[in-house]
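I have placed the structure first, in the form of structure tokens, so that the comments after it can refer back to it.
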Amino acid sequence: MENKDKNLPKKSFLSTQIDLSKFAPATDEEKAQQDVMSESTTFFKDGMKRLFKNPLAVLSIVLLSLILFTIIFVPMFVPYEYDEILKVDGKRDRGAQNLAPFEYSEMEQEFIANGGERFPHILGTDELCRDYFVRVIYGTRVSLAVGLFASIIVLIIGLIYGSISGYLGGKVDLVMMRIVDIIYSLPDMLIIILLSVVLNEVLVFKPGTILAELGTNMISIFIVFGLLYWVSMARLIRGQILSIKENEYILAARSIGAKPTRIIKKHIIPNCLSVIIISVALQIPSAIFTESYLSFVGLGVKAPMPSLGSLANAARDGIMSYPHKLVFPAIMICLIVLSLNLLGDGLRDAFDPKLKR
Amino acid sequence: MTRYIVKRVLLAVVTILIICAITFFTMHAVPGGPFNSEKALDPATVKALEERYGLDEPLFIQFINWMKGILQGDFGVSLKNGREISAIIGESFPISAKLGLMAMAVAMSLGIVFGSLAALMRNKLPDRIIVFFSTLFTAVPSFVLATLLLLVFCITLQWIPVWDANNPNYILPVVALAAYPMAYITRLSKTSMLDALGQDYIRTAKSKGVSRLKVIFKHALRNSMIPVITYAGPQIAYIITGSMVVETIFTVGGIGSKFITAINDRDYTMIMATTVFLATIMVIANLICDLLYKAVDPRIKFD
């Protein structure tokens, strides 16, 4: 295309200058093509988009939301309490022991025949005449709460320790990491059992306080997690900070005079956030596993409070006659752990830039 | 290399010492002594007993004495039945060791086979089935699996007899114990096999005309085994803790079930002895795995 604009300076014959007459100004249509049509995505939005493309991750999010919804709202509609021994008309119902799902005891059948309304025992009752459905739901609540709180404790301690060690570096880092090495090589389960045994005897709380409500076992689980499990989180965060610290944009920020607090807040934390989220998501199921294991050993939450592990353990005594009592809490544990594992994997695939294809 | 070994061995010794110290001092934080019973004893008798067992010495001297005893294989006596703990360990540990080693062998071999199969048949039906089951088994707690296996195969179907000390049948305990590590190893060896298959040396070997089987077995598999060896250490720890549960459920008289019984009975000397014993095994196993890992892969730097 020849440009016929007369205002263009005339090109001398030997000049290496580009011949401007061969260029044409862009039309409006062509200019429009250069405009960015979509909004620019942030790292977080990008990751979420990829997460929602992963069917397994979406399935686990749906499952987890369903479980959360159930354990929050369903107890409002079920007229039984987790530690309530069933009564009919104010009299203790001695026949309501170990009922099968949706079965009514004789007293209840009589009560219904006389025109009374009775909420069904969806999963039957246990050996102490308590509604099993409510116990499983409360057990799920307790197990999830233990998993969540334990992970938060691990996160806080690991974050503080790891970032101090990673940011300061040098001798401080060396000493701090030696400590981590030693704690890491301790066999955690044995130490947990040992500490739980001892803490159960040593810790005594005033009755009536929240701590006493939770029971010494639960507190000792948290203490033990706080003491032992933070090391891998601290290692992870230290490694992240060490590698991020070496990046050019940190150097650039420092060279234009950004303060350390700003560098940590604006550059380092957002960059290791995804790794932190992923490892917290994977920490929760391992905490739930540990809790159910301790319940099995007899060091779990205090009776009558149920947890999924203690329910499954209690169900072993009558396993021949009432296998469903093991199956329901077991399915619940598997569902929670499975969906959290899948969600963690999905988050890792979505947010870990190293795996980006 | 020598420096590295010395460093690792020293760290292991320090760890074992710390475990001993934690065990001893936490157990001594429990209120009440061994001679507190329902019947009030004569103070003079208590004093004589304490002197006899060296309990009137300062706590630190007691710790040293306890450690000296352990180094000579003397763990003291059980508070509940008065038997020598070293004798109890001596008779129960071989059963646990056999069970644990069998479970480990099963988990390792099947895990590597399934993982490699899944990697070689990526996105085909066998891969999907293997991935499904390995994901499922990492979500089932060992005590649930063990109880269900016992219920289905021993009681309902009666295919496999229940555990009998004279005629032990190891199948179900081994399956229950191996399921989780096997699932984990399957996933691990799948990713590492995929990683190995994507390397340049595989392409070189293929382009030289090396047969497919030789490429898989000689080049890919050998390299993909390295991460699996690193997992052997944690796996031993898992199998030791898992065996406590599995042994209790199948009523196998191994050291794990003895530990659980000791916890339920609050048999403190027994708890102390088994903790130290099992922890030492774990630390030593970890040490061996670490050294083995460095020996197998010459690319790793010794720092």
Side-chain angles (χ1 to χ4, degrees), chain A residues 56 178 181-204 227-228 285-286 288-299 308-309 312-313 315-317 319-320 323 326-327 329-342 345 355, chain B residues 11-12 14-16 18-19 22-23 25-32 135-148 150-152 155-156 180 187 233 236-238 240-242 244-245 248-249 259-260 262-264 266 268 271-272 274-276 278-283 286-287 290:
Chain A
L56 280 177
R178 277 291 155 278
D181 278 349
I182 288 173
I183 297 180
Y184 193 78
S185 54
L186 295 177
D188 38 18
M189 212 59 188
L190 286 176
I191 305 279
I192 286 182
I193 292 174
L194 195 71
L195 287 181
S196 302
V197 168
V198 176
L199 288 173
N200 267 323
E201 305 288 326
V202 177
L203 289 179
V204 181
L227 283 176
L228 288 180
S286 97
I288 292 177
F289 252 45
T290 310
E291 189 276 326
S292 69
Y293 190 89
L294 287 178
S295 292
F296 177 86
V297 180
L299 298 167
L308 290 176
N313 188 30
R316 286 196 310 121
D317 292 336
I319 185 73
M320 313 267 220
L326 172 73
V327 170
I331 288 179
M332 212 59 184
I333 296 179
C334 296
L335 276 183
I336 293 173
V337 173
L338 194 64
S339 46
L340 279 168
N341 274 340
L342 289 175
D345 285 352
L355 292 171
Chain B
L11 184 67
V14 170
T15 312
I16 292 173
I18 288 175
I19 292 166
I22 292 177
T23 315
F25 290 109
T26 49
M27 279 298 160
H28 278 258
V30 176
T135 322
L136 189 68
F137 275 115
T138 46
V140 185
S142 53
F143 65 91
V144 170
L145 184 67
T147 317
L148 288 181
L150 185 73
L151 182 67
V152 174
I155 294 161
T156 314
Y180 180 86
R187 293 172 56 151
I236 290 165
Y238 173 84
I240 287 176
T241 45
M244 295 171 193
V245 167
T248 309
I249 290 173
F259 186 54
I260 303 282
I263 290 168
N264 289 328
R266 297 291 187 269
Y268 293 113
I271 296 177
M272 276 159 71
T274 25
T275 309
V276 168
L278 292 176
T280 309
I281 291 176
M282 285 188 204
V283 171
N286 255 330
L287 175 71
D290 246 31

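Chain identifiers are assigned alphabetically (A, B, ...) following the order of the sequence lines, protein sequences preceding nucleic acid strands; residue numbering begins at 1 within each chain.
Ranked by heavy-atom pairs under 4.5 Å with chain A, the first of B:A139, B:A12, B:G242 is B:A139. Between chain A and the residues B:I16, B:T138, B:I240, the largest count of heavy-atom pairs under 4.5 Å involves B:T138. Ranked by non-hydrogen atom pairs under 4.5 Å with chain A, the options B:V14, B:I249, B:L150 are led by B:I249. Per-residue counts of heavy-atom pairs under 4.5 Å with chain B were compared for A:I193, A:L340, A:L335, A:N341; the largest is that of A:I193. In terms of heavy-atom pairs under 4.5 angstrom with chain A, the leader among B:L151, B:L287, B:I271 is B:L151. Note: B:T15 leads B:V144, B:I22, B:T15 in heavy-atom pairs under 4.5 Å with chain A. No other option in B:I260, B:T147, B:V283 has as many heavy-atom pairs under 4.5 Å with chain A as B:T147. Most heavy-atom pairs under 4.5 Å with chain B, from the set A:N313, A:V337, A:I336: that is A:V337.
The part of A:L195 that comes within reach of chain B is its side chain, from C-beta onward, which places non-hydrogen atoms under 4.5 angstrom from that chain. With a 4.5 angstrom heavy-atom cutoff, B:T274 does not touch chain A via any of its atoms. Interface residue B:A279: backbone and side-chain heavy atoms are both found under 4.5 Å from chain A. Only the side chain of B:I263 comes within contact range of chain A, judged by heavy atoms closer than 4.5 Å. When heavy atoms are compared at a cutoff of 4.5 Å, A:I183 does not approach chain B at all. If you measure heavy-atom distances from B:M282 to chain A, the contacts under 4.5 Å come from the side chain alone. Heavy-atom distances place the side chain of A:L326, and not its backbone, under 4.5 Å from chain B. Neither the backbone nor the side chain of B:Y238 has a heavy atom closer than 4.5 Å to any heavy atom of chain A. Of the two parts of A:L342, only the side chain, counted from C-beta on, holds a non-hydrogen atom closer than 4.5 Å to a non-hydrogen atom of chain B. Both the backbone and the side chain of B:V140 come within contact range of chain A, with heavy atoms under 4.5 Å apart.
Side-chain contact between B:L11 and A:R178: absent, with no pair of heavy atoms (C-beta onward) separated by less than 4.5 Å. Contact of the B:P141 side chain with the A:F289 side chain is registered, since non-hydrogen atoms from C-beta on lie closer than 4.5 Å. Within the 4.5 Å cutoff, the side chain of B:T135 has heavy atoms near those of the A:L338 side chain. Taking the side chain as every heavy atom from C-beta outward, B:M272 and A:L194 never approach each other to under 4.5 Å. Residues B:R187 and A:D345 meet the side-chain proximity criterion, which asks for heavy atoms closer than 4.5 Å.
In this view, B:D290 and B:R8 satisfy the salt bridge (Lys or Arg N to Asp or Glu O under 4.0 Å) rule, not counting sequence neighbours. By the side chain to side chain donor-acceptor pair (under 3.5 Å) test, B:N264 pairs with no residue at all, sequence neighbours left out.
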Could you walk me through whether A:V198 and B:H28 pass the side chain to side chain contact (heavy atoms under 4.5 Å, CB included) test, one step at a time? CA-CA 9 Å; A:V198 176; B:H28 278 258; over 6 Å; no
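Evaluated for a side-chain contact (heavy atoms from CB on, under 4.5 Å) with A:L190, the options B:T23, B:V276, B:T275 yield exactly one hit, B:T275.
Note that CZ of B:F143 is 7.5 Å distant from OG of A:S295, once rounded to the nearest 0.5 Å.
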